[in-house]
Each structure stands twice: as C-alpha cells, then as structure tokens.
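The next block holds one structure in the form of structure tokens; read it before the comments.
Worth saying up front: this structure is predicted, and the values here are computed from it rather than measured. Hydrogens, waters and symmetry mates are skipped; everything else that's a heavy atom, side chains included, is used. Chain identifiers are assigned alphabetically (A, B, ...) following the order of the sequence lines, protein sequences preceding nucleic acid strands; residue numbering begins at 1 within each chain.
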Amino acid sequence: MDSLSEKVSEMRGFKLHVVETNKYKTNTIVWKMKAPLANEDVTKRALLPYVLQSSSETFPSTAELRSYLDELYGATFFVDLAKKGEYHVISFSIEIANEKFLKDTSPLLRKGFEFLTEILTKPHLSGNGFDSDMVEKEKRTLKDRIQSIFDDKMRYSNFRLVQEMCKGEPYALEVNGELDQVDSITPENLYDYYKKAFQEDECDLYFIGDVKEEEVQKLAGDLLQFQDRSPKKIESRNEKRIENVNEVKEQQDIKQGKLNIGYRTYVKYGDPDYYALQVFNGIFGGFSHSKLFINVREKASLAYYAASRLESHKGLMMVMSGIDLKNYNQAVGIIHEQMDAMKKGDFTDEELDQTKAVIQNQLLETIDTSRGLIEVLYHNVVSHVDINLEHWLKAMQETTKEEIIKVGNKIELDTIYFLTGMEAGK
Amino acid sequence: MEKISFDQLQEELFFEKLPNGLSVYILPKKGFNKSYATFTTKYGSIDNHFVPLGKQDFTKVPDGIAHFLEHKLFEKEDGDVFQQFSKQGASANAFTSFTRTAYLFSSTADFERNLETLVDFVQDPYFSDKTVEKEKGIIGQEITMYDDNPDWRLYFGLIQNLYQNHPVKIDIAGTIESISHITPDLLYECYNTFYHPSNMLLFIVGPVDPSAIMNQIRENQSKKDYKDQQEIKRKFEMEPVQVAEKKQVLEMNVQTSKCLVGIKALHVDQTGSEMLKNELTMNVLLDLLFSKSSENFNQLYNSGLIDETFSYDFTQEQGFGFAMVGGDTREPDKLAETLEKMLLEAKNGKAFTNEQLERAIKKKIGAFLRAINSPEYIANQFTRYAFNDMDFFEVVPMLERITLEDVEKLASEVIAEERFSVCQVVPKKK
C-alpha cells in the first residue's frame, strides 16, 4: 500500500491535515466545518456555503468569481453538505492543476488557497448582512434543491425511511434543510449565523498533493486565523430500543416499487466491534457476491439492485431494492431470511474471506483519490478517535466468524418502508 | 512492444497489436494502489443491423441485445464471474453504450490473476435457455427503474426527437417487449460477430510492470484459436439532416419541470484528428456560451430560469452526434425559447473575445489534467478515442491550437433552427 502519512497540526481555531504525495496532476484543498444537527440551524447551514461560494468582496458577481477560477486553469471549486451521524458537515473544496504539468509554470497552489480564504473570510456584504441579491437567489435555489428529492425516487424513498425511522431524533433532519424555514432567513440573520459558525464549529483544513508540510503550515497560518474554541459534541444518550417494527407504505404514480429497510446496529465507527459490523454488512448486502444480490436478484430474479450499507456514525444499516409492486411480500421474506441466516452464522469461510478481500480492495481504491482519502481520514475527526488505515485493515482482516455472529445479534429491525404504485395498494 | 512518451504530462504508454488483431495498451501509474483494466468491443446498442459472421445477408436483432449480452457474459455453466473476481479481491463491472461494450475490473492485489479472469471470461461465452430467461426479470427491473427516472426519460426523449432512423434513438436496454425475443442463438450470433479480438481493445492502467503484463497477454492469446475475421458489415439507414420532432412533452410524477434543448450535429462522418478538433471546438463553444462564468449562464440563473442542475454536453460518434443544454426549470417553455435565442445569437456572429477564448481553453486544459488523475477515465476515454482513430494524448496540443475563427465558423455551421429540438418533463395533471 502506498504509504500515506497524515500530518496533523493545531492552528488558530482549526486543525491542519497534510498528506504529501506526488501521484496526482492536481492539488486538493478542502475546508470542513461541523456542528451538531439542530432544527434551528439546519436550514441556515444548508444555505450558508452556497451564499459564500456565489461571490465575495473581491469578486462581487458569480461571473467574475467563476472567470477567475477559469483563469487558474479551470480550478474546480464547489461546496457540499453531509450528515455524519448527528453532525452537519459543510465542505469547501478546491482542486487546482499542478503547474509542473503545464507549459505555463507560474505557481497555482498559493493562488488557489488565497481564493479559498477569500471565500471563507471575505464575504460579499452590504449593510449588516450578506448581499441581499445573492441571498435571495440562493434561497430560491435551495428551495429547488430541497424539492428535487421528490423527483428522484431512489433518494426519496431513502429519505422517507430515515424520516420514519428516526422521528424525533436530530438525524431525521434533512441535510439540505427544511423548506418551511427558508423564507425566514434574511441577509442579516444569515450573516450573524456565519460569524457564529466560524467561532464555534469544529474546523479542519486538508491539503493533499505535491506539497510540503512546513510550507503549507506557514501559508495556512498566515492566511487563516480564527478564535480558539472547544467544539460542541453531540450528547450521548440512550439509543432508541425497538418495541414494534414500523411498517410504512406510501403510494405514488410510479412503475417500480422502492423497498427500503432500516436496522439499528448499536455500533459506531471507533467501537471495537465496528470491524465485525463492516464484514457482516459485506457478506449480507455490500457487494455483488453478497447474500442480498445473490438471493433477491440472481436466484429470485426480483430486482436489478438489492444492497445494504452502513451509516457508521449513527449506527444504522439500510437495505434498498427496486422491485415490481406485486413482489413486496416475497422480497421482504427473502431479506428477512438472509438476515436470520447471517445471525445464525449461516455463511461459509469462503464468503468471509472473499468479503474481507473486497473490503480491503474498496478502501485502498477509495484512498487513491484525494477526495476519497479526505473522507476516510475525516471519520477520525467525527468520532474523535485516531485510527490509521493500516490498523483499520488489520483489525478488519482479523475479524472472526464468532465476532460477526455476535455483532449480528445486536442488530434490530426498525422500519420497513415501501414506496408503491397506484395499483398494488388496492 | 512500442513505447510512447508524453514529456509534458510525465506519462508513458506501451502498445502492441497481437497477431490475432487485439490491441493492447498499458499505462503504468506509480504511487497508486489500484490497477484497472478494461476489455472493450466496438459493439454497442446501435449495431443492430449487420451481416452475422459466416453469413451473406444482413439481419436485424432485437433492441437491447448488446446490453443483454453484456449481462449474460458474466454467467458461466459453473457460476457467476462476479464471485470469481471478489474471491480474488477485485471489483468487476461492465457497461454498454451506443457504440461500445466494456468489461472491467479494479484491484489492489493479485492483478495478474484478475487480468487472466477478465480476458478469459469475455472470450468464453455460455448462454443457455434457462439463464437467458432468468435475466429477463432482472433487466426488466432495470428498464422499469429507468422508466421512473425523469432525467433519463428527458435525455432519451430528446435523442428520439433528434433522430428519425438512426438506431441511437433506441433505448440501450431495449424494452420489456423487445428483450422477450432474445434467445441463446441470437446472443451467440452477436457474440461471434463482434467479440473477435480484432474488434477489441484491452487497456491496463496502474502500478504494473508493462513488459511482464504484455508477456502474460501474448501468452494467453496465443493459446486461443482465433481465425482471421473479415471486416464487420454494419448497416445504417440514411438519416436526414432535419430532426424527427421539434418538441415532446412528457408528463411524469415530478414536482419540478425539466427542459433540454438539443442540436443535431453535423460532420458525423469525421474520424481522427478532424473529429478531435471538431469535438473540442464544440466543447469550447458550449463553454463560451453556457459555463458558469458566461454572460448567458448568469442571466439565466439570476432571472430564476435555471438552477444548479443546469448543464450542457456534446456527444459525437461515427454516424450521429448531438449537443444538449438545459436542466430543471420553473418555466420550461420560456427556458427553451431563451436558450434557442442565445444559440442563434452565437450563430449570427455575436462575438467572443480572445480573452474569453483563452480562459475557456485554460479551463479545458486544467480539466484534462484533473481527469487523468483517474485510471477509469484514462482507460474509458482512451478506448473511445482509439475506436474513432483519435489520439487521446493530442487533447492538450489540439486545444492550444483552437482559434476564435474556428469557434465562430463552427457556430455558424452547426447551429441551425431546423436542427433544434426540445424535450420537457412536466408534472402530471391531477
């Protein structure tokens, strides 16, 4: 494996993470900031990065800002939002060509970073708030973004499962915020929230590429200084125990039904049995050799996709499949059977070895891309642990069948959600 | 084995054409964990009318058969090849496009063994009545999934508007009805015609030793008994310059409307550097017109006609081509009208500046560097380029040669009202 040493240092108000590698033709810089998911902030947080990326003090229009990025050999710059467990994470990413591979060798990395700091620290203001035109446009786009989930049935059914399953928990909040909160955001109250977030959020800056740690440290230290802080952590509380399985059916005018099943695993990233859970999920539904793929798709011919995945910071496992409306009972039956088989240890050593090999491959492939690497490293920040990749892989490889059965027996079925057509419900 | 060096990019490419006609390319990538291989045949959804191997007359095969064949090649008498790959720690996949079918895997260990598996499974078909019947249920669900997907319906709806006869208008997966006619014999007929090594390309990228890998492939191929094959005869009906339909509106279960404007391309007989230049110039033209730094984009966005889903794209292959612009919108008719107006302004000589052009070209060069961080991109794009006799590593030098005159000339030729078409998805009336 390519040795990837992540060098972490404390800066003023944020942590700096540097990975030196020369395998890319570009350099990547990512700023991440996270805070606990909360109903009163979620929509402001969903809007904020889009307002910041639309213009700045030096580039008061989007056309000027984007022209400057084109000038820097089409540096890509984008923002995104994620839920990691019950944290809401905002990311600003910039990827810029390494001038070593260009005819024109004037340095680009510094310019890229200066641009990013401009976006973070010099917003386009007027009066006591952000520029109101920009805020209005981005509010309109945010509404579109929130609404668009309805038109993508795969995303919609997953969103509905989480909404049903985590009712009353912060995790049920949508990453893009709540439609009915958008109108009440003003340029002023958003600017106040911006100041608060940059004072209180836990912030991390990643540099990946053909860089030197000392130089990056100096650059980042010169250009970015915030107040020191002790970031808010989510309160640990008793996890919901399941008394009755919740079964939800919803009708829409669609051809294919979407079946989404949610389980509680009670295991999170950083827990000792997390590795066993990874392998459990791999044998059960993570891959094209897994039980769900083989039994729902290959044997019963019911679906094109049938898979499971983990939410590692919340302790959930989610199954998803697209099936014919009339096959609901059969598909649910097969999935239950496969879960029971897993809990009883009804899987072979071959399935076990195969799954470990594929998990290892998947992780090594993920860290071949700079963004994938950052996502993997960021798990440590979210969980407040320090697990290096060698340890992760070793612990996963050493998992035994007994440990997998044990972790499997912690798993509880919580909610079955089915988005069905107009015919089947009659 | 031939070695080609690209100094500016600091890359080396190794190439050999084997005696049976197979083209093999190897691009070593140091520092990566992953190796990636694609084994691709120049055979896609449009190749539905051809002379089968050893026969005299043209035959037409059911819609969706190239894609069906791709699915079925993974299944053997003794089980599924996916299983084999995952036992070897690799992840395998495949895809069918209009013009190609590609089989691929990536792995971070045991590369040689996985490569052997890839080449052997693609070169050893097994189709039976039972497995073919079973696949109809699975692909049926794949088709239904796309039927519910408004973006796919919009994209394909527009292609169907643009083309009158060309098989690009047929959905790649076919329909539930068309795939019901697929039999093992038909699959063998397609396989034997299109999967000869002389119609295929193997591309390998990753931390590999090129001479050892080339040896392995030579040896693997020398053990297989391939007879020389005559050139494949494909037939395409005459396609008029005009579009089939000017407009199509699809009502679906959505909340937000969508609108795409398409232009049916000219110059679809091009290959080689002529095609490369045309394709890149067209992409630069679209950037000048609609990228986030453009006047048009900002006007559309500021007036609320488009949102972040707005995009544009150009596709060119031998025999067909199209540009598409659009996205989600509150006013699909107004968006269509405005986009058409913007396109016609460019046709009628609305001038771009040299500064804008330079910026657009710089942006494309940066995008190319970013793209070649990705082994998948290199392998897939290189193959596409090679099948069209284009040189993948000529992209940057060619971009540097594009002039304002080239862009303006292309705009005046390719943009024409008679080759515009519009497709929209709108919420179903209750």
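The part of A:Tyr305 that comes within reach of chain B is its side chain, from C-beta onward, which places non-hydrogen atoms under 4.5 angstrom from that chain. In this structure, chain A has a heavy atom under 4.5 Å from the side chain of B:Glu75, while its backbone stays farther away. In this structure, chain A has a heavy atom under 4.5 Å from the side chain of B:Asp147, while its backbone stays farther away. For B:Tyr36, no part lies near chain A; criterion is any non-hydrogen pair under 4.5 Å. Within the 4.5 angstrom heavy-atom criterion, no atom of B:Ser35 approaches chain A. For B:Glu400, the part lying near chain A is the side chain, with the backbone staying farther off; criterion is any non-hydrogen pair under 4.5 Å. Neither the backbone nor the side chain of A:Phe287 comes within less than 4.5 Å of any heavy atom in chain B. Using a 4.5 Å cut-off between heavy atoms, B:Thr131 does not touch chain A at all. For a residue to count as touching a neighbouring chain, one of its non-hydrogen atoms must lie under 4.5 Å from one of that chain's; by this rule B:Lys30 touches chain A with the backbone only. If you measure heavy-atom distances from A:Met134 to chain B, you find no contacts under 4.5 Å at all. Neither the backbone nor the side chain of B:Glu376 comes within contact range of chain A; no heavy atoms are under 4.5 Å apart. Residue B:Asn93: no heavy atom, backbone or side chain, is found under 4.5 Å from chain A. Contacts between A:Asn22 and chain B at a heavy-atom distance below 4.5 Å are absent for every atom of the residue.
Among the candidates B:Lys292, B:Gln255, B:Lys34, the residue making the largest number of heavy-atom pairs closer than 4.5 Å to chain A is B:Gln255. Note on B:Pro207, B:Gly304, B:Pro427, B:Ala367: by heavy-atom pairs under 4.5 Å with chain A, the leading option is B:Gly304. Note: A:Thr76 leads A:Thr62, A:Thr76, A:Ile294, A:Leu72 in heavy-atom pairs under 4.5 Å with chain B. Most heavy-atom pairs under 4.5 Å with chain B: of the set A:Thr355, A:Thr369, A:Leu302, A:Asp353, this distinction falls to A:Leu302. The choice from A:Gln360, A:Lys299, A:Glu95, A:Glu64 that makes the most heavy-atom pairs within less than 4.5 Å of chain B is A:Glu95. Each of B:Ala360, B:Ala92, B:Ser107 has some count of heavy-atom pairs under 4.5 Å with chain A, and the biggest count is that of B:Ser107. Between chain A and the residues B:Asp307, B:Asn373, B:Ile143, the most heavy-atom pairs under 4.5 angstrom are made by B:Asn373. Interface remark: of the candidates A:Ser370, A:Ser301, A:Ala97, A:Ser288, A:Ser301 forms the most heavy-atom pairs closer than 4.5 Å to chain B. In terms of heavy-atom pairs under 4.5 Å with chain B, the best-connected choice from A:Lys258, A:Arg145, A:Gln362, A:Gln252 is A:Arg145. Of the listed residues (A:Asp104, A:Leu102, A:Asp152), the one with the most heavy-atom contacts under 4.5 Å to chain B is A:Leu102. Taking chain A as the reference chain and counting heavy-atom pairs below 4.5 Å, the highest number among B:Lys258, B:Gln356, B:Lys364, B:Arg330 is found for B:Arg330. For the options B:Thr144, B:Ile361, B:Asp148, heavy-atom pairs under 4.5 Å to chain A are most numerous at B:Asp148.
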Intermediate values then yes/no, side chain to side chain donor-acceptor pair (under 3.5 Å), B:Thr256 and B:Asp328: CA-CA 7 Å; B:Thr256 313; B:Asp328 290 3; 5.1 Å; no
Could you please spell out the steps behind the side chain to side chain donor-acceptor pair (under 3.5 Å) verdict for B:Gln84 and B:Thr117? CA-CA 8 Å; B:Gln84 186 68 32; B:Thr117 305; 4.8 Å; no
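Across A:Tyr156 and A:Ile149, no two heavy atoms sit closer than the pair CB-O, 3.3 Å. In this structure, A:Lys25 and B:Ile372 approach most closely via the heavy-atom pair CE-CD1, 3.7 Å. Residues A:Ile323 and A:Tyr328 approach most closely at CD1-CA, 3.8 Å, considering heavy atoms. The nearest pair of heavy atoms linking B:Glu308 to A:Tyr50 is OE1-CE2, 3.9 Å. Taking every heavy atom of both residues into account, B:Pro332 and B:Cys259 meet most closely at O-SG, 3.5 Å. A pairwise comparison of heavy atoms in B:Leu289 and B:Ser294 identifies O-OG, 3.2 Å as the closest pair.
Between the side chain of B:Lys429 and the backbone N or O of B:Glu251, no donor-acceptor pair lies under 3.5 Å.
Figure legend: A:Lys153 and A:Phe150 shown as a cation-pi pair, the cationic atom lying under 6.0 angstrom from the six-membered ring centre and within 45 degrees of its axis.
At most 12 heavy atoms of other shown residues, nucleotides or ligands fall within 6.0 angstrom of atom CD in A:Glu350.
Rounded to the nearest 0.5 angstrom, A:Ile359 CD1 and A:Asn281 CG are separated by 7.5 Å. Atom CD1 of A:Ile29 and atom CG of A:Leu109 lie 5.0 Å apart (nearest 0.5 Å). Rounding to the nearest 0.5 Å places CG of A:Asn361 at 9.0 Å from OG1 of A:Thr366.
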